[in-house]
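On a predicted model such as this, the values are computed, not experimentally measured, just so you know. Basis for what follows: all heavy atoms, side chains included, without hydrogens, waters or symmetry-related copies. Numbering starts at 1 and runs along the sequence shown.
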Amino acid sequence: MKQCNTFEDLQALGTEKIHERTHISRDKVDLVLTKSYGEIGRVQFMGYISIFEREYGIDLSEIKEEYTAFCQNNANILTPKQSVILQSTSNSKPKWVAAGIALIIILMVGGYFLQGNMSTEPREEVMKLTTLAVEVMEDANSAEDINISENNETNITTVPIVSPAVNNELNKSVPTVSKSLISGKEIAIYPTFKVWYGMINIASGEKTQSITSDPIAIDSTKDWLIVLGHGRVEIGSPEDKKVFNEKNSVHFICEKGILKQINEKEFIQRNGGKNW
């Protein structure tokens, strides 16, 4: 995994990877990465920054000072916001356990009846399904324990982790698809909210990155790889725009005057095995 040394490295890492490691909700990670200070309370913001420092071993004191200065300079426009942090209730774990036991019983009963009417090969598939259900519940209970501990220490809600084995099984059936969005000499990206973006000139390998809420012009006479910290943007020309509303990082490629959306895997392949 690439070593993160600065806040810009975290922005380049992207919302999804930070969410997977820290378990902070994606929308909160987006607010921190895009420095949307006016939308985050002080306790929450300092808690998120502390988690980033702990997980990636970096010093983000400059970002804390920048946030404090913002609050002091904008005290007249900042209004207290009701907390939306969810606390884990004492009976949440029993509910997970009860639901898991019920699911396992249903699968085992169904497997019993199926085994009476199927050959040896289908019986093996039933056993695999039952085992997979048990693994999912074990992972869910483990994630619940982590969430309760994290809430007690930082007062921040985390998201249960879905078993990587389940994700791998699902991803095997999903093909890599590139969506053609628009073509022409004048192509631009119009952020709905302030966003970090990075552009790589495919021919020269030169990289450009910045944080902006202004339109991002793309020279369609050149070929580019493009990554955005979030996908809440509009793409096209002033007369013809396509609206996106993605909370996570999005990736694009512009070749021969045509802008296409690609997934992270294809982006890394086209960028020589690097995510930025």
Verdict with reasoning, Lys64 to Glu53, per salt bridge (charged side-chain N to carboxylate O under 4.0 Å, His left out): CA-CA 11 Å; Lys64 293 180 181 178; Glu53 290 179 326; 3.2 Å; yes
Whether [Y] and [X] form a salt bridge (side-chain N of Lys/Arg under 4.0 Å from carboxylate O of Asp/Glu) is what I want to check.
X	Y	answer
Glu255	Arg270	yes
Arg26	Glu16	yes
Glu39	Lys194	no

Between Ser36 and Thr34: side-chain donor-acceptor atoms closer than 3.5 Å: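 Result is yes, a qualifying pair exists.
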Residue pair Asp30 / Thr15, side-chain donor-acceptor N/O under 3.5 Å: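 Result is yes, a qualifying pair exists.
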For Phe252, the option from Ile218, Leu225, Val227, Ile235 that meets side chain to side chain contact (heavy atoms under 4.5 Å, CB included):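 Considering Ile218, Leu225, Val227, Ile235, a side chain to side chain contact (heavy atoms under 4.5 Å, CB included) with Phe252 is found only for Ile235.
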Derivation of the side-chain contact (heavy atoms from CB on, under 4.5 Å) call for Gln261 and Phe244: CA-CA 11 Å; Gln261 184 181 6; Phe244 280 68; 3.3 Å; yes
Tyr37 and Glu66: CA distance, side-chain angles, deciding distance, side-chain contact (heavy atoms from CB on, under 4.5 Å) verdict: CA-CA 9 Å; Tyr37 297 152; Glu66 184 176 323; 3.2 Å; yes
Residues forming a side-chain contact (heavy atoms from CB on, under 4.5 Å) with Thr68, sequence neighbours excluded: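 For Thr68 the side-chain contact (heavy atoms from CB on, under 4.5 Å) partners, ignoring immediate neighbours, are Arg42, Met46, Gln72.
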Partner set under side-chain hydrogen bond (donor to acceptor under 3.5 Å, both in side chains) for Asp214, not counting sequence neighbours: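 For Asp214, no residue satisfies side-chain hydrogen bond (donor to acceptor under 3.5 Å, both in side chains) once neighbours in sequence are set aside.
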Ile202 with Trp276, same ILVMFWY side-chain cluster at under 4.5 Å: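 Same cluster: Ile202 reaches Trp276 through Ile, Leu, Val, Met, Phe, Trp or Tyr contacts under 4.5 Å.
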Derivation of the side-chain contact (heavy atoms from CB on, under 4.5 Å) call for Asn201 and Lys207: CA-CA 7 Å; Asn201 187 311; Lys207 295 182 178 181; over 6 Å; no
Side chain Tyr56, main chain Thr6, donor-acceptor under 3.5 Å: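 Not a single qualifying donor-acceptor pair exists.
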